[in-house]
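Remarks on the structure that follows.
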Amino acid sequence: MPEKRDLEFRGIGVSPGVVAGLVLVLQGGDDPLPEYAIPPEDVPREMVRLEAALIETRRQLHDIQERVGEAMGGESAGIFEAHLQVVDDPSFVDEVYREVREKRRNIEKVLMEVSERYAQTLLQMEDDYLRERATDIRDVTRRILRNLMGGGSDWLAGIESPRIVVAHDIPPSEMAALDRRKILGLAMELGSPTSHAAIMARAMELPAVVGLHDVCSQLQDGNRAILDGVRGRLVLHPTAAREEEYTRLARSRAVIQKRLETLRDKPAETLDGTAIDLAANIEMPADVKAVRARGARGIGLFRSEYLYLANEGNPSEEQQYTAYAEVARGILPDTAIIRTLDLGGDKLPAGDRRTVEANPFLGWRAIRLSLARPAIFKAQLRAILRASALNPGLRVMYPMISSAGEVDQANAILQECMDELDEAGQPFNRGIEIGVMIEIPSAALTAEAIAPKVKFFSIGTNDLVQYTLAVDRVNERVAHLYEPTHPAVLQLIAQTVEAGRRHGVWTGVCGEMAAQPLLVPLLLGLGVTELSVSPGAVPVVKDVIRRIRMDDARALADEVRGLSSGAEVLESCRGFLRRHAPELLELSE
Ligand code: PEP
Ligand code: MG
């Protein structure tokens, strides 16, 4: 009898690894809501359903509060408090009950309507605090709905063995609260390689595939599947032949990984002796351990906004100092770059999807937010400066710089902080190195004017590509247009490096482009001297560095300069890797 066929879904592999197991499907609050009339005798049943969902929601919120509290070092007991207040608000719940009775509609529909009415009323308020509560109401409503509809982030609570989690989307704030031990891998309908959920999956070393259209409706809890985070596949009901193919693949990748592990203490040096600074990107102070374990020298990017993301409100100067001090001490004798707050875009705090901007990536984000809220910015800068007393290699970096003037403004505030610390007799490193992210084309084009104000450039290719090509980095519909090898992007990188060189400013790359084995030779050939990648990618990037010569890398950069499309450039890079480290191609496509 011929074997039954399996069903393959194709998406984008964003975090490597192959896993097989049972799926857990999250039917999210973003799905269409059921709407139906109910007979009068069913009214009490709807109420009982709501009560059960509220109890579950409370339990989840307490649970998340505890888990996030642990991850953040125990100082964040107040997290999700505002969400709990909504669940416990008797007037809100009473209104839902009353409307179910009067309108005789199902509870999901009524809950959504009442919640939206509350949210709209709050959004009209003058008071910032009250307006923010609108977001709490919406967030909690989503959670209650998920519980009513059988999904929810209690998803992991009853799970005995780890699952492949399949979801429409998981916002970074929820990713931060995930229990890694219960998840084999992630499959999402939305997202792209540079969405922050994907970046977090890599940081958690969790195989992940995004951009899997309509997958949720076609899978059921408990289905068996294989997830391939490199090739971007989710295979439902795999046949025996498919299981075998993947077992073979997993084995051959494991052999490569084993060899890569032996590189841990070896230098990131090309065959002709050029040392490259190979650093790692982290999201939380606890990640410093992984940086060491994977053989990186230093931290090229600490995305400090994750301290804010998992938190309700801003972490205090003291909380931040504790976090930065942990990083500064933990990474000694190496260096660490703390990037100042980069909230906005797809990174909004748990209780803050209020900032409904038409174009969030072009909006009130990162340094713009910091300059507009000097009190928040100063608390962060003071905390970084104080931690700099513990490690002379602690550096500060501003994100989303679009002009030299913004660097001046930020530096002036940094100077004020130094003066304040001086007055208070607090020690700090007066010569702390300042750098900027080059991730907006205008910054790359005016790098010459920015260079005299800083010690280093770090190219954020995730954003640079999105802003250069006008391709939303989190929109899977245009993911095929998101080309780091586009000639325009390469020109901006080259221009930045050259402007930096003229002023004695080094240039690194901390975007995901630096973690792609295929593109590492090209970046080095363009003159980049530092690469910062997620800890999991350090070994393979080090391997590439150790197997090439700088002359060849420069020749590659020269060769692609004449090409007119991203696809041609990619093909040249592929040819280069095939000649120098062929087996690594398997890890990159
Ligand atoms: C980037 O834009 O490349 C970057 C490293 O910053 P983020 O991904 O946090 O925006
Ligand atoms: Mg960025």
Side-chain angles (χ1 to χ4, degrees), residues 14-15 171-173 175-176 191-203 210 279-284 287 296 299-310 336-349 359-370 395-402 406 435-444 456-475 479 482-486 489-490 492-493 496 507-516 519-520 523 528 530-535 537-538 541:
V14 295
S15 182
S173 55
M175 289 282 294
S192 71
T194 53
S195 59
H196 286 92
I199 290 172
M200 288 204 74
R202 282 192 289 277
V210 301
N281 297 346
I282 64 167
E283 268 86 52
M284 286 287 173
D287 301 339
I299 292 162
L301 168 65
F302 175 18
R303 289 186 164 94
S304 67
E305 57 276 7
Y306 280 85
L307 297 174
Y308 295 67
L309 272 178
I337 298 176
I338 314 274
R339 176 174 75 180
T340 62
L341 191 57
D342 182 11
L343 283 182
D346 65 339
K347 286 179 287 192
L348 292 169
N359 296 295
F361 278 112
L362 303 182
W364 204 48
R365 186 186 162 190
I367 194 71
R368 300 167 181 186
L369 198 148
S370 294
R395 299 164 174 160
V396 62
M397 173 161 76
Y398 309 132
M400 284 278 290
I401 289 294
S402 63
E406 274 169 346
V436 289
M437 299 273 306
I438 301 288
E439 49 187 345
I440 299 182
S442 62
F456 63 92
F457 290 148
S458 186
I459 302 183
T461 50
N462 304 341
D463 280 312
L464 187 64
V465 174
Q466 111 164 319
Y467 294 131
T468 306
L469 306 181
V471 176
D472 183 343
R473 65 189 264 188
V474 297
N475 184 344
Y482 188 94
E483 286 186 304
T485 50
H486 192 292
V489 175
L490 302 185
L492 291 172
I493 295 176
T496 304
T507 299
V509 173
C510 62
E512 296 304 315
M513 192 174 172
Q516 284 180 256
L519 306 183
V520 167
L523 291 176
V528 165
E530 184 242 28
L531 299 172
S532 192
V533 302
S534 64
V538 168
V541 172

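We count ligands from 1, going down the list as the structure has it; atoms in each ligand are counted the same way. Note that the structure is a prediction, hence the values are computed from the model and not measured. Values below: every heavy atom of this structure, side chains too, minus hydrogens, waters and symmetry copies.
- Of the listed residues (Glu283, Glu439, Arg303), the one carrying the non-hydrogen atom nearest atom 5 (C) of ligand 1 is Arg303.
- Of all N, O or S atoms in Glu439, the one lying closest to the Mg ion (ligand 2) is OE1.
- Nearest heavy atom pair, residue Asp463 against residue Glu439, reads OD2-OE1, 3.0 Å.
- Using a 4.0 Å cut-off between heavy atoms, Arg365 contacts ligand 1 through its side chain alone, with no backbone atom that close.
- Using a 4.0 Å cut-off between heavy atoms, Leu464 makes no contact with ligand 1 at all.
- Ile438 places none of its side-chain heavy atoms less than 4.5 Å from the side chain of Ile401.
- Just one residue in the list Leu519, Ile493, Leu523 forms a side-chain contact (heavy atoms from CB on, under 4.5 Å) with Pro484, and that residue is Leu519.
- Among the atoms of Asp463, an N, O or S atom falls under 2.8 Å from the Mg ion (ligand 2).
- Using a 4.0 Å cut-off between heavy atoms, Asp342 contacts ligand 1 through its side chain alone, with no backbone atom that close.
- At least one N or O atom of Arg339, backbone or side chain, sits closer than 3.5 Å to an N or O atom of ligand 1.
- Per-residue contacts place Gly460 under 4.0 angstrom from the following atoms of ligand 1 (heavy atoms of the residue considered): 1 (C), 2 (O), 3 (O).
- Any N or O atom pair closer than 3.5 Å counts here, and Glu512 shares no such pair with ligand 1.
- For the side-chain contact (heavy atoms from CB on, under 4.5 Å) with Val533, the lone residue among Val520, Val509, Val541, Leu301 that qualifies is Val541.
- Using a 4.5 Å cut-off on side-chain heavy atoms (C-beta onward), Ile282 and Tyr306 make no contact.
- Within the 4.0 Å heavy-atom criterion, the part of Ile199 lying near ligand 1 is the side chain and not the backbone.
- Across Met437 and Pro399, no two heavy atoms sit closer than the pair CG-CA, 3.6 Å.
- In summary, the atoms of ligand 1 found under 4.0 Å from a heavy atom of Met437, numbered by their order in the structure, are 4 (C), 5 (C), 6 (O).
- Taking both residues in full, the closest heavy atoms of Thr468 and Leu464 are given as OG1-O, 2.5 Å, listed atom of the first, atom of the second, then distance.
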